Amino acid sequence: QVQLQESGPGLVQPSQTLSLTCTVSGGSITANYYYWNWVRQPPGGGLEWIGYISYSGNTFISPTLQLRASISRGTSESQFTLRLTSVIPEDTATYYCVREGRHYAGTSWGLDYWGQGSHVTVSS
C-alpha cells in the first residue's frame, strides 16, 4: 500500500522560506508514470494546486506561485520537497502531498493517494 507523509514546520515567520518534505513508502517516486503533487487548503477555503515533480524529475509550478514555489527530489529516493519563499499570512494552509497517475502520453487518470496534511501558519 502506498503511503505519503508530510513533514516540516508548523509555524513560519513572514518573509521567510517554508520547506516541506513528503516521504513516500510502498512506491517509488521514479516509477512510470507517476507525478508527485503539492496541494494546499487555506482555512475555510478550497483546494489549490501548487505544482508537481514527475517520475523523470520534470517540474511544473502553478502560474500563481511560479515566482515563489519550487519542487525537487530530496536526498532520499523516497522523498520530494516543496520550498515556498517570501511567505505571507495568506500562505497559511494545510499542505498535502498527492500522487497522480498518468498515461504515457501525459493524460491524468486521477489523484489516488494523499498524505494526511501538514498545517502551516505564517505569523510573527
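Keep in mind it's a predicted model, so treat the numbers as computed, not measured. Just the heavy atoms: all of them, side chains too, but no hydrogens, waters or symmetry mates, feed the values below.
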Common cluster, Leu67/Val12, ILVMFWY with side-chain heavy-atom separation under 4.5 Å
no

Is any side-chain heavy atom of Ser62 closer than 4.5 Å to a side-chain heavy atom of Ile50?
no

Taking every non-hydrogen atom, the tightest pair across Asp112 and Glu100
OD1-N, 4.5 Å

What distance do Cys97 atom SG and Gln5 atom CD have between them, rounded to the nearest 0.5 Å?
7.5 Å

Ring-ring centroid check Tyr55 Tyr34, cutoff 6.0 Å:
no

Any Thr59 side-chain heavy atom under 4.5 Å of Ser72 side chain:
no

Value for CZ (Arg83) from CG (Leu20), rounded to nearest 0.5 Å, stands at 11.0 Å

Judged by atom type as modelled, is there a donor-acceptor pair below 3.5 Å linking the side chain of Ser124 to the main-chain atoms of Gln13?
no

Looking at every heavy atom in both Gly27 and Val24, which two are closest together, and how far apart are they?
O-CG1, 3.7 Å

Residues Thr21 and Gln79: side-chain donor-acceptor under 3.5 angstrom
no

Shortest non-hydrogen contact from Pro9 toward Leu18
CG-CD1, 4.0 Å

Considering all heavy atoms of both residues, which atom of Leu65 and which atom of Glu48 are nearest to each other, and what is their separation?
CD1-OE2, 4.1 Å

Supply the atom-to-atom distance Asn37 CG to Tyr96 OH, rounded to the nearest 0.5 angstrom.
14.5 Å

Let me confirm one number: the OG-OH distance from Ser108 to Tyr33, rounded to the nearest 0.5 Å.
15.0 Å

Within a 6.0 Å radius of atom CD on Gln116, are there more than 12 heavy atoms belonging to other residues, nucleotides or ligands?
no

Are Phe80 and Tyr113 grouped together when hydrophobic residues (ILVMFWY) are joined by side-chain heavy atoms under 4.5 angstrom apart?
yes

Euclidean distance, Leu11 CG relative to His119 NE2, rounded to 0.5 Å
9.5 Å

Between the side chain of Glu77 and the main-chain N/O of Ser28, is any donor-acceptor distance below 3.5 Å?
no

Would you say the side chain of Ile61 lies within less than 4.5 Å of the side chain of Ile71, judging by non-hydrogen atoms?
yes

Closest approach of Pro42 to Gly46 (non-hydrogen atoms, all atoms of both residues)
CD-O, 3.3 Å

Candidates Asp91, Val120, Leu82, Leu47 - the one meeting side chain to side chain contact (heavy atoms under 4.5 Å, CB included) with Arg40
Asp91

In terms of hydrophobic clustering (I, L, V, M, F, W, Y; side-chain heavy atoms under 4.5 Å; direct or indirect links), are Trp114 and Trp109 co-clustered?
no

Does Trp36 reach the main-chain N or O of Ile29 with its side chain, forming a donor-acceptor pair under 3.5 Å?
yes

Check: Trp38 and Cys22 side chains under 4.5 Å, non-hydrogen atoms:
yes

Whether the side chain of Glu6 engages the backbone of Gly117 through a donor-acceptor N/O pair (distance < 3.5 Å, no angle test) should be reported.
yes

Drop me the distance from Ile53's CD1 to Arg73's CZ, to the nearest 0.5 angstrom.
5.5 Å

If every non-hydrogen atom of Tyr52 is compared with every non-hydrogen atom of Trp49, which pair is closest and at what distance?
CD2-CZ2, 3.5 Å

Quick check against the 3.5 Å criterion: does Arg68 have a side-chain atom that pairs as donor or acceptor with the backbone of Thr85?
yes

